[in-house]
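Below is one structure, written out as structure tokens, with a few remarks after it.
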Amino acid sequence: QDLRLHDNPALTQAAKWAARHGGCVTFVYVHSPEEDGDEIGSSGEDGQGCSWRPGGASLLWAAAALQSLSSDLKSRYGAGAAIVCKRGPYAAALQEVAAAVGASVVFCNRRYEPAMTAADAAVAESLAAAGLQLQSYNGLLLQEPWEVQLDLSKWYGHFGTLMPFYRAWSTAKPPPSPLPEPRSVPVLPKDPTQIAGGIPLQELGLYSPPRRRTAANGQQQQQQQQQSGLRIVISKPSSKSTT
């Protein structure tokens with residue numbers, strides 16, 4: 001959802017924090033579909049066979065977007081801006097990276113799907129217990145859901161999902177202007193993938209194209225459709241800085 005350089009508040013704030021504290025930013029992408037809701041096609045709690053996990057089209061987009069983003073990061077900010085790809089669980093993966101690079105703060109943009117909101121809340125608790133700060137931002141919505149207060153006490157001649165919400169949204173504070181790409185981001189001098197225990201993007205299993213049935217064995221390779229994880233920005237202070 002936030003695989004971009006522009007209008008990315010988590011990235012902007014991480015870069016500012018690192019510059020102030022003499023630290024570095026490490027980019028992390030964690031793939032943990034098991035924490036993001038029921039498997040696609042399962043009945044779930046409501047028995048309707050729904051799931052919050054993205055399907056094949058979303059996963060194909062995520063794989064391509066990650067590859068493009070990693071290339072953009074390295075070309076703009078240096079080899080140390082390479083994305084560290086990890087398999088979940090989220091909290092364990094982030095703690096491993098934080099320990100490897102000496103990070104003390106995690107920056108991310110919030111997710112709003114119910115299952116992913118619950119997963120992110122559990123991650124926040126685990127990170128806090130491990131002594132890591134978590135700073136999250138709105139990088140997706142014009143207004144936070146809890147900031148839009150519906151007034152259902154008045155009758156406007158028609159009730160639906162649009163007008164009460166529109167009236168409440170129009171009286172809320174205006175959304176902020178889009179953020180530009182950070183001009184500079186302090187990163188490590190070398191690719192952090194190896195020291196942080198990262199794996200190649202292709203090994204995450206985001207998407208595998210289907211293969212046609214062959215005459216030799218009559219079997220068909222199935223797509224591996226799993227949910228894309230949470231991209232986290234970790235800021236690493238230097239040994240002489242304080243937090």
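These figures come from a predicted structure and were not determined experimentally. All residue numbers refer to positions in the sequence shown, counting from 1.
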Step by step, would you call Glu203 with Arg87 a side-chain contact (heavy atoms from CB on, under 4.5 Å)? CA-CA 9 Å; Glu203 294 183 11; Arg87 289 197 180 97; 4.2 Å; yes
For Lys16 and Leu11, indicate whether the former's side chain and the latter's backbone hold a donor-acceptor pair under 3.5 Å. no
Shortest non-hydrogen pair, Leu134 vs Ala124, comes out as CD2-CB, 3.4 Å
What pair of heavy atoms forms the shortest contact from Asp7 to Pro9, and how long is it? O-CD, 3.5 Å
Report yes if some heavy atom in the side chain of Cys85 is under 4.5 Å from a heavy atom in the side chain of His31; otherwise report no. no
Can you say whether the rings of Tyr112 and Trp146 are parallel (under 30°), tilted (30 to 60°) or perpendicular (over 60°)? tilted
Sidechain-backbone polar pair: Ser68 side chain, Ala65 backbone, donor-acceptor under 3.5 Å: no
d(Thr26 OG1, Leu94 CG) to nearest 0.5 Å is 11.5 Å
Minimal heavy-atom distance between Tyr29 and Ala62, with the atoms involved, is OH-CB, 4.4 Å
Joint cluster assignment, Leu141 & Tyr137, ILVMFWY side-chain distance < 4.5 Å: no
What heavy-atom pair brings Leu132 and Ala103 nearest, and what distance separates the two atoms? CD2-O, 3.5 Å
Taking only distance into account, with no hydrogens and no angle test, what donor-acceptor pairs under 3.5 Å do side-chain atoms of residues 179-193 form with protein atoms, sequence neighbours excluded?
unit_1: Glu181; atom_1: OE1; unit_2: Arg76; atom_2: NE; d: 3.0
unit_1: Asp191; atom_1: OD1; unit_2: Thr193; atom_2: N; d: 2.9
unit_1: Asp191; atom_1: OD1; unit_2: Thr193; atom_2: OG1; d: 2.7

Heavy-atom nearest pair, Arg111 first then Thr117, reads O-OG1, 3.2 Å
Other residues, nucleotides and ligands only: do more than 12 of their heavy atoms fall within 6.0 Å of CH2 on Trp61? yes
Sub-4.5 Å side-chain heavy-atom contact between Glu147 and Lys173: yes
Once rounded to the nearest 0.5 Å, what's the spacing between atom CD of Gln67 and atom CG of Leu69? 11.0 Å
Leu142 versus Trp169: any side-chain heavy-atom pair under 4.5 Å? yes
For Asn138 and Asn109, test the side chains for any donor-to-acceptor distance below 3.5 angstrom and give the result as yes or no. no
Check this for me: Gln143, atom CD, are more than 12 non-hydrogen atoms of other residues, nucleotides or ligands nearer than 6.0 Å? yes
Check the hydrophobic clustering (I, L, V, M, F, W, Y; side-chain heavy atoms under 4.5 Å; chains of links allowed) and say if Leu140 and Leu66 are grouped together. no
Minimum side-chain heavy-atom gap Leu206-Leu60 below 4.5 Å: no
Going through the distances and angles, do Val28 and Ile83 end up as a side-chain contact (heavy atoms from CB on, under 4.5 Å)? CA-CA 5 Å; Val28 187; Ile83 300 174; over 6 Å; no
Counting N and O atoms only, with roles assigned by atom type, does the side chain of Gln133 sit under 3.5 Å from a partner on the main chain of Val106, one being a donor and the other an acceptor? no
Looking at Ala10 and Cys108, what are the two nearest heavy atoms and their distance? CB-C, 3.6 Å
Do you see a donor-acceptor pair shorter than 3.5 Å between the side chains of Tyr77 and Asp72? no
Side chains of Lys86 and Ile199, heavy atoms from C-beta outward: is any pair under 4.5 Å? no
Mind checking whether Asp2 and Arg4 have side chains closer than 4.5 Å, heavy atoms only? yes
Check: Ala122 main-chain N/O paired with Ser126 side-chain donor or acceptor under 3.5 Å: yes
Note, Val84 side chain near Phe27 side chain (heavy atom, < 4.5 Å): no
